[in-house]
Each structure stands twice: as C-alpha cells, then as structure tokens.
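Here, residue 1 is the first one in the sequence, and each next residue gets the next number. FYI, side chains are in, hydrogens and waters are out, and symmetry mates aren't considered; it's all heavy atoms of this structure. As the structure is a computational prediction, the values presented were derived from the model and not from experiment.
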Amino acid sequence: MSDLDMELYGYLVDRIESISNEWLTQRRKEHGSIYSVDADKETEAYLKEQNQLTNLTVTSSLLEDKREFEKNKEKWVRLVAKSRVSSNTPIPEVLEALSNARKVYWRFVESFLELNSEKVTQENLLKWEMKINRAFDELSIEFSQAYNLLMNNKLSAQSSLIDELSAPVIKINEEFGVLPLVGDIDTWRAKKIYECVPVKCMEINISRLYIDLSGVSIIDTMVAHQIYQLSQTLDLLGVKSTITGIRPEIAQTAIQLGLDFSKIDTYSSLQQALKDKFLIVAEQSVK
C-alpha cells in the first residue's frame, strides 16, 4: 500500500462522521420512510450509526489486506438487512439511500484530490475509483441477497402462523381436542386443514378430536369431501373424530356426495357432544 493510499485512507477515516452528517442532510420528506428527513431522533441516530459503518466498510476496501473489508462488509450486510426487513423498508428505498451515500462519499474523495492534486496521478485515481465503486456495488448486491433471504423467512413464518390459525386444534384435557372452524372454508383452507390437523393431533397427543362446524357458513362439495378424508386419516392415526354443529345444508351436501358418516359420531352442538362424552367417562369411573 503506497503512502498516498494511506493518506487517502486516513483522510476518509478521520471524516467518517462528517460524511454521515452530510449524507443525513440530503434526506427529503418521504411519508412512511425511515429515510424521511422528519424521522424521529432515534431513527436518525441509528441511520447515522449504520451509515458510518457504510463509510468505514468502503474505506477499508482501500487496504491491501482484504480481510478487514470482508469483516466490515459481513457486519454491515447483516445489520442493515435485518434492520430494513424489520422496518418493512422496500429494497429500492435502501438502494437509493446507498446511491446517495456513494455520491456524498465521493465528494469527500474529491476534496482529498483537490488538496493533493500535485501528487495524485491518473493511475491513482483509476485504482481508487475501481476499489471504491466495487465496494459499494458489493454492498448493494449482498444486501439484496440477505434482504430477500430474511424476507422469505419472515413470510414463511407468517404463512405457517396463518396455516395454524386456519386450523387451530385446542387441547381440552389429556385425551381430547377441539377443532373450532369459523368462517368460510374454501378449497385452499380445506387443504391446509387436511394437511395441518393430523400433524397437530400427533404433536399434542390426543385420542379424540371434536370438529366443530357450527361457525362455518358455507361448505361446498370439495370441502365436505376434504373433511370426510380428514376424519378417515385421523382414524388411521388412532384419533377418533366427532363432528359437531352440522347444519342441514352441510348434511345434504354430504349425502349428495355419497359420503358415509355413519361410523363417525355426530352431534348438533359441541356442547352436547362434550356433555355426553364426559358423562360417559364419569359413569365409567363410578363403575
């Protein structure tokens, strides 16, 4: 690393905070954006801290030992990607902010060039331009990759939660569980119920599941068939099904499909089903 390279490095390191302050002044008023000039003081403080890391990372690319740059880059990508996913900041906003950071950073490099115009050669300038721009480019690319990965993980977790809420199996004692279905059940939701409920029953170790349909407004033929298949699958797993809250139109749909619910306990209400079951258990205990 030449003496002039070290001078530029030292010049920029000494002005890390000044570069960030200048970058913050470039912000505009943007509704709902963390980069808005009217963002609260806490947001401004962490933006400044992160931009200082941006400047330090890019400046470390001037060093001959690339390990410092790689270490700083990894830290920056991890910190900024996690922060922007948490704040639901779109990638284009982040890349625009990084582009503005690049412009401000180059103004400080240009100040160094003016102060050292007699010493700086065209070769020096081309070398610095290549290193600095490549550093910013790497930050943009690796941030985008990390952001997409984190966002996909977040969406996957949300999807799993939605699936669970679509088919909530509630354990009411050591043996029994209730599946209270509420609202419309379309083909997609019926499929999720069929996929998730058997797994959940095995996880919480129940031997009987009460499938309550009293809160369901409409069930089409496909959904009725999926519920029938669910009861058959549970039976194979050793979990007995009891269907409660079947309304006349639902029963008619099942009959039209030729579905045989004769081997499945059915009740007009969940309350009645639980009352009967616990009464039987109580009688057996007395005997």
Visitor: Would you tell me whether Ser33 and Glu93 have side-chain atoms, one donor and one acceptor, within less than 3.5 Å of each other?
Guide: yes
Visitor: Considering residues, nucleotides and ligands other than Gln26, do more than 12 of their heavy atoms fall under 6.0 Å from its CD?
Guide: yes
Visitor: Looking only at side-chain N and O atoms, does Tyr194 offer a donor or acceptor that is under 3.5 Å from a partner on Thr233?
Guide: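 Side-chain D/A pair, Thr233 to Tyr194: present.
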Visitor: Do Thr43 and Asp40 have side-chain N/O donor and acceptor atoms under 3.5 Å apart?
Guide: yes
Visitor: For the residue pair Val169 and Lys200, what are the closest heavy atoms and their distance?
Guide: CB-CG, 3.6 Å
Visitor: Please answer: with hydrophobic residues joined when any side-chain heavy atoms are less than 4.5 Å apart, are Leu234 and Val199 in the same cluster?
Guide: no
Visitor: As an exercise, state the distance from CD1 of Ile211 to OG of Ser241, rounded to the nearest 0.5 Å.
Guide: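 OG of Ser241 is found 4.5 Å from CD1 of Ile211.
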Visitor: Looking at every non-hydrogen atom in both residues, tell me the closest pair between Glu142 and Val77 and how far apart they are.
Guide: O-CG1, 3.6 Å
Visitor: Find the distance between CD (Gln52) and OG (Ser20) and round it off to the nearest 0.5 Å.
Guide: 4.5 Å
Visitor: Using side-chain contact (heavy atoms from CB on, under 4.5 Å) as the criterion, point out the one residue from Thr242, Leu209, Ile172 that pairs with Val178.
Guide: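 It is Ile172, the one option of Thr242, Leu209, Ile172 that forms the side-chain contact (heavy atoms from CB on, under 4.5 Å) with Val178.
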Visitor: For Gln229, does the CD atom have more than 12 heavy-atom neighbours from other residues, nucleotides or ligands under 6.0 Å away?
Guide: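 Check passes, neighbour count above 12.
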Visitor: Just wondering, are more than 12 heavy atoms of other shown residues or ligands nearer than 6.0 Å to CG in Asp3?
Guide: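 Counting other residues, nucleotides and ligands, CG of Asp3 stays at 12 neighbours or fewer.
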Visitor: What I want to find out is whether Arg208 reaches Asp265 closely enough, with some N-O distance under 4.0 Å, to be called a salt bridge.
Guide: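 So Arg208 pairs with Asp265 through a salt bridge.
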Visitor: When you compare the side chains of Lys75 and Asn72, does any donor N or O come within less than 3.5 Å of an acceptor on the partner?
Guide: no
Visitor: Are the side chains of Val120 and Trp128 in contact, using a 4.5 Å heavy-atom criterion?
Guide: yes
Visitor: Does the cation-pi check pass for Arg15 over Tyr11, that is, NZ or CZ under 6.0 Å from the six-membered ring centre and within 45° of its axis?
Guide: yes
Visitor: Using the rule that Ile, Leu, Val, Met, Phe, Trp and Tyr join whenever any side-chain heavy atoms are under 4.5 Å apart, tell me whether Ile204 and Leu179 fall into a single cluster.
Guide: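 Yes, one cluster joins them.
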Visitor: Same cluster or not: Phe136 versus Val80, using hydrophobic residues (I, L, V, M, F, W, Y) connected whenever any side-chain heavy atoms lie under 4.5 Å apart?
Guide: yes
Visitor: Give the minimum heavy-atom separation between Tyr46 and Ser83, together with the two atoms involved.
Guide: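 Reported closest heavy-atom pair: CE1-OG, 3.6 Å.
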Visitor: Just by distance, do the side chain of Ser36 and the backbone of Glu30 share a donor-acceptor pair under 3.5 Å?
Guide: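 Side chain of Ser36 to backbone of Glu30: a pair is present.
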Visitor: Linking I/L/V/M/F/W/Y whenever their side-chain heavy atoms sit closer than 4.5 Å, directly or via other members, would Leu149 and Leu139 fall into one cluster?
Guide: no
Visitor: If every non-hydrogen atom of Leu63 is compared with every non-hydrogen atom of Lys66, which pair is closest and at what distance?
Guide: O-NZ, 3.3 Å
Visitor: Should Glu44 and Lys48 count as an ion pair when the cut-off is N to O under 4.0 Å?
Guide: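 Salt bridge between Glu44 and Lys48, a charged N being under 4.0 Å from a carboxylate O: no.
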Visitor: If I take atom OG from residue Ser117 and atom CZ from residue Phe112, how far apart are they, to the nearest 0.5 angstrom?
Guide: 10.5 Å
Visitor: Find out whether Phe176 and Ile206 are in side-chain contact, i.e. whether some heavy atom of one side chain is under 4.5 Å from a heavy atom of the other.
Guide: no
Visitor: Which heavy atom in Lys119 sits nearest to a heavy atom in Asn124, and how many Å separate them?
Guide: O-OD1, 3.8 Å
Visitor: Closer than 4.0 angstrom, basic N to acidic O: yes or no for Arg28 and Asp38?
Guide: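 So Arg28 does not pair with Asp38 through a salt bridge.
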Visitor: Between Ala146 and Ala81, what is the shortest heavy-atom contact and its length?
Guide: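 It is CB-CB, 3.8 Å.
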Visitor: Does Lys73 come within less than 4.0 Å of Glu70, counting only side-chain N to carboxylate O?
Guide: yes
Visitor: Do Leu237 and Cys201 come within less than 4.5 Å of each other through their side chains, counting heavy atoms only?
Guide: no
Visitor: Counting only heavy atoms not in Glu42, do more than 12 sit closer than 6.0 Å to its CD atom?
Guide: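 No.
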Visitor: If you group Ile, Leu, Val, Met, Phe, Trp and Tyr by side-chain heavy-atom gaps below 4.5 Å, do Phe69 and Ile16 land in one group?
Guide: no
Visitor: May I ask you to decide if Arg107's main-chain N or O and Ser111's side chain share a donor-acceptor pair within less than 3.5 Å?
Guide: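 Checking the backbone N and O of Arg107 against the side chain of Ser111, a donor-acceptor pair under 3.5 Å is found.
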Visitor: Using modelled atom types and a 3.5 Å cut-off, is there a donor and acceptor pairing between side-chain atoms of Trp23 and backbone atoms of Ala97?
Guide: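 Confirmed, Trp23 side chain pairs with Ala97 backbone.
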Visitor: Distance only, no hydrogens: is a donor on one side chain within 3.5 Å (strictly under) of an acceptor on the other, for Tyr105 and Thr59?
Guide: yes
Visitor: Is it true that Arg84 and Gln50 share a donor-acceptor pair across their side chains at a distance under 3.5 Å?
Guide: yes
Visitor: Do the side chains of Lys127 and Asp5 get close enough for a salt bridge, i.e. N-O under 4.0 angstrom?
Guide: yes
Visitor: Quiz question: by atom type and distance under 3.5 Å, do the side chains of Asn55 and Asn51 form a donor-acceptor pair?
Guide: yes
Visitor: Please assess Leu274 against Gln271 for the test side-chain contact (heavy atoms from CB on, under 4.5 Å), listing each intermediate value before the final yes or no.
Guide: CA-CA 5 Å; Leu274 293 176; Gln271 181 181 13; over 6 Å; no
Visitor: Under a 4.0 Å threshold between the charged nitrogen and the carboxylate oxygen, would Lys71 count as salt-bridged to Glu68?
Guide: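 Judged by the 4.0 Å cut-off on N to carboxylate O distance, Glu68 and Lys71 do form a salt bridge.
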